[in-house]
K.L.:
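I'd like to ask some things about the structure below.
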Amino acid sequence: MMTFYDTQEQARAAAKAEGLREKVLCFVVRGGKLLVFDHIPDGGAGVQVVAGGLEAGETPEAAAVRELWEESGLSLTHPQFLCSYLWEAQLPDRFTRQVCHAYAFTPPDDLPDTWQHHADGHLFSFRWADLAAPGLDWEMDAALPFIAEGGRQKACPPHHFPLTEVIQ
């Protein structure tokens, strides 16, 4: 289940008060395409966008820039904040409850259509997927409504945004 916060400050305060992990998601958008990756060989982790946890004392914005560099090799700056939400789900091996902060990045025009990058002992295979239906796993598609064509932020939804069930 996902619950969206009105502001990132509210999300960070809730994470701190409840001792929850904070993570960032990085949405690199080029035209109507979203940068996604698969694990090589497929470890069952599904289609993902770059994401990862905040380090001690790190801001979500700084974590997004760092994670993007570490997992994809892309050195992009000026992430655009999209939204923050609480993700709660019963996974096969555990229950997870964490605060997620989503950011959009604008890439240079000369990025290749595909590439591979080693990170954290894994090989990631990057490709561009249709932004309207990228096939993301987990809760990673929760921030997609906040991205307009071309990677520009849509208007924030009302603060009474409905809860979204995560179906795995």
Side-chain angles (χ1 to χ4, degrees), residues 1-2 4 11 15 20-56 58-147 149-151 164-168:
M1 183 173 0
M2 283 170 270
F4 287 81
L20 300 177
R21 175 181 188 253
E22 289 182 87
K23 81 172 189 180
V24 294
L25 295 100
C26 303
F27 293 86
V28 180
V29 180
R30 179 173 73 181
K33 302 290 183 180
L34 175 66
L35 184 66
V36 300
F37 71 86
D38 303 287
H39 287 83
I40 303 297
D42 179 25
V47 178
Q48 300 181 31
V49 295
V50 169
L54 273 69
E55 295 179 354
E58 189 175 40
T59 65
E61 182 176 274
V65 170
R66 176 185 53 77
E67 286 290 343
L68 189 62
W69 165 251
E70 289 175 0
E71 291 189 9
S72 72
L74 293 177
S75 182
L76 303 179
T77 57
H78 308 296
Q80 180 183 38
F81 175 71
L82 297 172
C83 64
S84 293
Y85 57 91
L86 173 65
W87 177 44
E88 301 173 283
Q90 180 60 56
L91 303 177
D93 60 338
R94 65 185 161 83
F95 181 77
T96 188
R97 194 166 185 256
Q98 54 191 314
V99 172
C100 305
H101 307 283
Y103 287 89
F105 288 85
T106 303
D109 293 332
D110 62 350
L111 280 182
D113 289 336
T114 63
W115 74 91
Q116 293 183 342
H117 185 76
H118 287 276
D120 300 325
H122 301 281
L123 178 60
F124 299 143
S125 182
F126 286 88
R127 61 186 169 83
W128 296 96
D130 183 358
L131 182 59
L136 296 174
D137 286 300
W138 308 99
E139 91 305 341
M140 292 185 164
D141 60 355
L144 289 178
F146 294 82
I147 302 173
E149 186 72 21
T164 305
E165 283 289 324
V166 177
I167 301 171
Q168 295 291 339

K.L.:
For W138 and W87, take the angle between the two ring planes, folded into 0 to 90°, and tell me which bin it lands in: parallel under 30, tilted 30 to 60, perpendicular over 60.
P.N.:
perpendicular
K.L.:
Calculate, to the nearest 0.5 Å, the distance between atoms CZ and NE2 belonging to F37 and H117 respectively.
P.N.:
10.5 Å
K.L.:
Determine whether a donor-acceptor pair (N or O, by modelled atom type, separation under 3.5 Å) exists between the side chain of D130 and the backbone of A132.
P.N.:
yes
K.L.:
If every non-hydrogen atom of A51 is compared with every non-hydrogen atom of E67, which pair is closest and at what distance?
P.N.:
O-OE1, 3.5 Å
K.L.:
Taking all atoms of both residues into account, what is the closest heavy-atom pair of P107 and F105, and its distance?
P.N.:
CD-O, 3.6 Å
K.L.:
Going through the checks in order, is the side-chain contact (heavy atoms from CB on, under 4.5 Å) test met by L35 and W128?
P.N.:
CA-CA 5 Å; L35 184 66; W128 296 96; 3.7 Å; yes
K.L.:
Please report the shortest heavy-atom distance between E71 and A119, naming the atom on each side.
P.N.:
CA-CB, 3.8 Å
K.L.:
Would you say the side chain of F126 lies within less than 4.5 Å of the side chain of P112, judging by non-hydrogen atoms?
P.N.:
no
K.L.:
When you compare the side chain of L136 with that of L34, does any pair of heavy atoms fall below 4.5 Å?
P.N.:
yes
K.L.:
Drop me the distance from C83's SG to Y103's OH, to the nearest 0.5 angstrom.
P.N.:
10.5 Å
K.L.:
Checking F124 against Q116 for the side-chain contact (heavy atoms from CB on, under 4.5 Å) test, could you report, in this order, the C-alpha distance in whole Å, the side-chain angles of both residues, the deciding distance, and whether it holds?
P.N.:
CA-CA 5 Å; F124 299 143; Q116 293 183 342; over 6 Å; no
K.L.:
Rounded to the nearest 0.5 Å, how far apart are OG1 of T106 and CD of Q80?
P.N.:
7.0 Å
K.L.:
Please give me the minimum heavy-atom distance between L82 and F146, naming the atom from each residue.
P.N.:
O-CD2, 3.5 Å
K.L.:
Could you state the interatomic distance from CG (L54) to CD (Q98), rounded to the nearest 0.5 Å?
P.N.:
11.0 Å
K.L.:
Mind running side-chain contact (heavy atoms from CB on, under 4.5 Å) on L123 and H118 for me, showing each step along the way?
P.N.:
CA-CA 5 Å; L123 178 60; H118 287 276; 3.6 Å; yes
K.L.:
With a 4.5 Å cut-off on side-chain heavy atoms, are D141 and P134 touching?
P.N.:
no
K.L.:
How far does CZ of F4 sit from CG of L86, to the nearest 0.5 angstrom?
P.N.:
10.5 Å
K.L.:
Evaluate D38 against R127 for side-chain contact (heavy atoms from CB on, under 4.5 Å), listing each step before the verdict.
P.N.:
CA-CA 8 Å; D38 303 287; R127 61 186 169 83; 2.8 Å; yes
K.L.:
Would you say the side-chain atoms of R30 pair up with the backbone N or O of L111, donor to acceptor, closer than 3.5 Å?
P.N.:
yes
K.L.:
Could you state the interatomic distance from SG (C100) to OH (Y85), rounded to the nearest 0.5 Å?
P.N.:
4.0 Å
K.L.:
Grab the two heavy atoms, one from S72 and one from V50, that are nearest each other, plus how far apart they are.
P.N.:
CB-CG2, 4.2 Å
K.L.:
Check each of L68, L76, V49 against C26 using the side chain to side chain contact (heavy atoms under 4.5 Å, CB included) test, and report the only one that passes.
P.N.:
L68
K.L.:
For the residue pair R21 and G53, what are the closest heavy atoms and their distance?
P.N.:
NH2-N, 3.2 Å
K.L.:
State, with a plain yes or no, whether a side-chain heavy atom of Q48 is found less than 4.5 Å away from one of D137.
P.N.:
no
K.L.:
Taking the side chain as everything from C-beta on, heavy atoms only, tell me whether E22 gets closer than 4.5 Å to L20.
P.N.:
no
